[in-house]
There are 2 protein chains.
Amino acid sequence: MSATLKDIAALTGLSVTQVSRALNDHDDVSAETKQRARDAAKALDYRPNLSARRLASGRSGIVGLVLPPQDRTPRDSMFVQMMRGLSSAFSRHGRLFVLHAADEGEDVVAVHRRLIDGGSLDGFVLIEPEHDDPRVAYLQGRGVPLVMHGRDGPAPDYPFYDIDNLAVGRALTQMLLRAGHRRIGFINGREDMCYVAQRRLGWERALREAGVEPDPALHEHGQMTESLGALATLRLMGPEGARPSALIAGNMLIAKGIYTALSMLGLKVPQDVSVVVHDDMLPGEDLLAVPPSSGTRSALAQSWEPLAAALIGAIEGRALPKTQHLGDFEIVEAGSIAPPS
Amino acid sequence: MSATLKDIAALTGLSVTQVSRALNDHDDVSAETKQRARDAAKALDYRPNLSARRLASGRSGIVGLVLPPQDRTPRDSMFVQMMRGLSSAFSRHGRLFVLHAADEGEDVVAVHRRLIDGGSLDGFVLIEPEHDDPRVAYLQGRGVPLVMHGRDGPAPDYPFYDIDNLAVGRALTQMLLRAGHRRIGFINGREDMCYVAQRRLGWERALREAGVEPDPALHEHGQMTESLGALATLRLMGPEGARPSALIAGNMLIAKGIYTALSMLGLKVPQDVSVVVHDDMLPGEDLLAVPPSSGTRSALAQSWEPLAAALIGAIEGRALPKTQHLGDFEIVEAGSIAPPS
DNA sequence: AGGGTTGCCCGAAGCGTTTCGGATTGGCAA
DNA sequence: TTGCCAATCCGAAACGCTTCGGGCAACCCT
């Protein structure tokens, strides 16, 4: 089997204790000893036994993410991206990142609990925050480190990485306002998602700032799928007079549905209807399927490193200067906006 | 913290040893004692510490899958399906299934090695077998249990779940032969994938059985993407005379590309060109994007349970009656075949 | 009655690591 | 010289679990 501390101790003539401390870079080990231990470790190709470490120290070096059950996630490729990004960020920090898919019937909190009790995981990356998220309550209650991808409320009491979704909603709306639109529809994501509420708020605020009272009938929401985009568009475009002259899509899938529905209705973008869309920039995703659209874009990939750093900091009990991060987004013009007809 | 064996021992008046044996259902514990231990465990909400267990027994109860690096996997949703399926299958067996994405630069074998040495994982589910797969060699060399989704060669020496890809290739070809086609193009997956070779073999065999010598120029292969489907179609359909009158698509994405390219060329399915396609049936995947196509379908979901059972059997050193499974596929007729014009 | 078998149980060792407390130096000030 | 401090080191205990080897009845067989 693999070499153990004992082997290194035997080879170097040190004690197991000192080797352990040397390899973990404690401060009461001489520089020379540290080097000797490290050399021997390399020579023997030593790999610490994580189970033993965990048992003794309470930490295993493994962190994880629990994929929420059900297929609430129509964008599988985003998860794979996320997996990859987080895996590599954590492995740069010498940690192992691992993913577990919760079972359909299972309670998400119970899954986290199993993982902690089993003693395998040191901390969690959470995604898709809900309002008063029960996972957060549970983990905080047990003192288990966590970081959130997204956030609940403007300033939660945990580390997170998020973009300013209110600003996104506002920016999208303003792009259309500037072109002269006043009736602006918004096809948004699931109502219980925090970012969805934020974006809606941004939409409302931008409208009010322009002296337009937001019409709740123009806000549609649901699972972010192509069919939501199509159905919501048909609904919004139904009554001729009340029709919005522009649409905001919560993401590319929705946008795709919008384009499909509009072309069914014989409406052209941007001549008849302007369209803007927000999305993460996913390298390699086949967005060519939807016509180029103006709107906002955020770079998901920026989040992995800060999330990893924050979680590791929390696990090691180090106070980090900054654990709450706001990523930025950029505005792209791609010709899907025109003045209202 | 969580309750330990010692707590249960104290509560029941048994020894720690006996409690451990009772809960693990050893056979030298009386039925009554077992029950008493189980009751106490439930009452105290006992969760075994996996690290301790692993340390003592060499087994952690965690199995994993390493996602190959790079984006060799255009079909992310398939992986998510797989994750979900395997997670739930293993958790039914009281095991924890976990996924780790290999880093871009990283050697896949090295990743497995890290996971074993760390002492965290008991065994692996492998996917996407290559010829003489180095992962298999390494794991077998170290005596680490594995199961394969797919297989290398007709009868490898490890547990696997696969479908008969030769038969799939043959069935697809025969569907077209029966309609009278003789020049049948095949747009297949990456050449180094085992199943790709098998399907090609099936195609060749079916043709020979019908007295047609397979034309290597009619076999295209590459990453299974929409653009491969489109480009390969354009290539195959280039020289007017040598054109195939029917096409086989390795999966739905390829088929989609085929449909796109054919419509660009002004060719209609099935009047001008017949198309058949094989794919896994992925619930919820948006296959509506491609017109309904005849061909073969296999149910990926059938594989999780056998894979899980086989891996657990291997870990526990039990000899299972059956560890190599061949799933079946069905043939669907959906109107994309017509006699050659 | 003696010897063997069976059923049930327990003590203690050990898995590989961390960590607590103490031990051993040498140097330096008093 | 004595006392004290910093710098290094080490032994032993502990983490929670499994397992090896043995013990003690109660039973059956001859």
Side-chain angles (χ1 to χ4, degrees), chain A residues 1-37 40-41 44-62 94 114 116-122 315-317, chain B residues 1-37 40-41 44-62 94 114 116-122 315-317:
Chain A
M1 270 304 136
S2 222
T4 74
L5 279 189
K6 214 193 298 185
D7 300 326
I8 301 184
L11 186 61
T12 56
L14 292 165
S15 72
V16 170
T17 304
Q18 210 54 359
V19 173
S20 167
R21 302 179 69 80
L23 293 180
N24 290 342
D25 206 29
H26 281 233
D27 43 3
D28 65 344
V29 181
S30 72
E32 191 225 328
T33 302
K34 279 185 188 172
Q35 196 49 51
R36 212 142 52 94
L44 294 176
D45 199 16
Y46 166 75
R47 316 274 174 147
N49 181 313
L50 297 185
S51 302
R53 172 175 294 183
R54 163 87 204 193
L55 192 54
S57 71
R59 276 185 247 124
S60 66
I62 310 183
R114 248 175 67 206
I116 306 168
D117 285 340
S120 333
L121 295 200
D122 293 346
I315 289 172
E316 297 193 335
Chain B
M1 269 303 137
S2 219
T4 73
L5 278 190
K6 213 194 298 184
D7 301 325
I8 300 183
L11 186 63
T12 56
L14 293 165
S15 71
V16 171
T17 304
Q18 210 53 1
V19 174
S20 166
R21 303 178 68 81
L23 294 179
N24 289 342
D25 206 28
H26 281 233
D27 43 2
D28 64 345
V29 181
S30 71
E32 191 225 331
T33 301
K34 280 186 189 173
Q35 196 49 52
R36 210 142 52 94
L44 293 176
D45 199 15
Y46 166 76
R47 317 274 172 147
N49 181 314
L50 296 186
S51 302
R53 171 175 295 179
R54 163 88 202 198
L55 193 54
S57 70
R59 276 187 246 123
S60 66
I62 309 183
R114 248 174 70 207
I116 306 168
D117 284 340
S120 331
L121 295 199
D122 293 346
I315 289 172
E316 298 193 334

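What you see is a predicted model; the values in this text were computed from it and never measured. Numbered from 1 within each chain, the chains take letters A, B, ... in sequence-line order.
In this structure, CG of A:Leu5 is placed 13 Å from C1' of C:dC15, rounded to the nearest angstrom. Rounded to an integer number of Å, the gap from CZ of B:Arg54 to C1' of C:dT17 is 14 Å.
Counting heavy atoms from C-beta outward, B:Val19 and B:Lys6 have side chains that stay 4.5 Å or more apart. Side chains of B:Thr4 and B:Asn49 form no contact here, defined as non-hydrogen atoms less than 4.5 Å apart.
With DNA chain C read from its 5' end, the first of the two nearest nucleotides for B:Ala52 and B:Ala31 is the one closest to B:Ala31.
In terms of phosphate contacts, B:Asn24 brings a side-chain nitrogen or oxygen within less than 4.0 Å of OP1 or OP2 of D:dT18. Distances shorter than 4.0 Å separate some side-chain N or O of B:Thr33 from OP1 or OP2 on C:dC9.
Put simply, the side chain of A:Lys34 gets close to the backbone of A:His26: a donor and an acceptor are under 3.5 Å apart.
Within 4.0 Å of B:Ser20, counting heavy atoms only, lies at least one base atom of the nucleic acid.
B:Asp45 approaches B:Ser2 most closely through the heavy-atom pair O-OG, 4.4 Å.
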Extract from the structure each pairing of a protein N or O with an N or O of nucleotides 10-13 of chain C at less than 3.5 Å, listing the distance.
| from | atom 1 | to | atom 2 | distance (Å) |
| --- | --- | --- | --- | --- |
| C:dC10 | OP2 | B:Ser15 | N | 3.3 |
| C:dC10 | OP2 | B:Ser15 | OG | 3.3 |
| C:dG11 | N7 | B:Thr17 | OG1 | 3.2 |
| C:dG11 | O6 | B:Thr17 | OG1 | 3.1 |
| C:dA12 | N6 | B:Thr17 | OG1 | 3.1 |

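Across D:dT18, C:dT19, C:dT17, the shortest atom-to-atom separation from the side chain of A:Arg53 is found for C:dT17. Side chain of A:Leu55, nearest nucleotide from C:dT17, C:dG16, D:dC9: C:dG16. When the nucleotides D:dC9, D:dT18, C:dT19 are ranked by their closest atom to the side chain of A:Ser30, D:dC9 comes out on top.
Atom-to-atom distance recorded for B:Asp122:CG and B:Ile116:CD1 is 10.5 Å, nearest 0.5 angstrom. Within the model, atoms CG of A:Leu50 and CG of A:Leu55 stand 12.5 Å from one another, a figure rounded to the nearest 0.5 Å.
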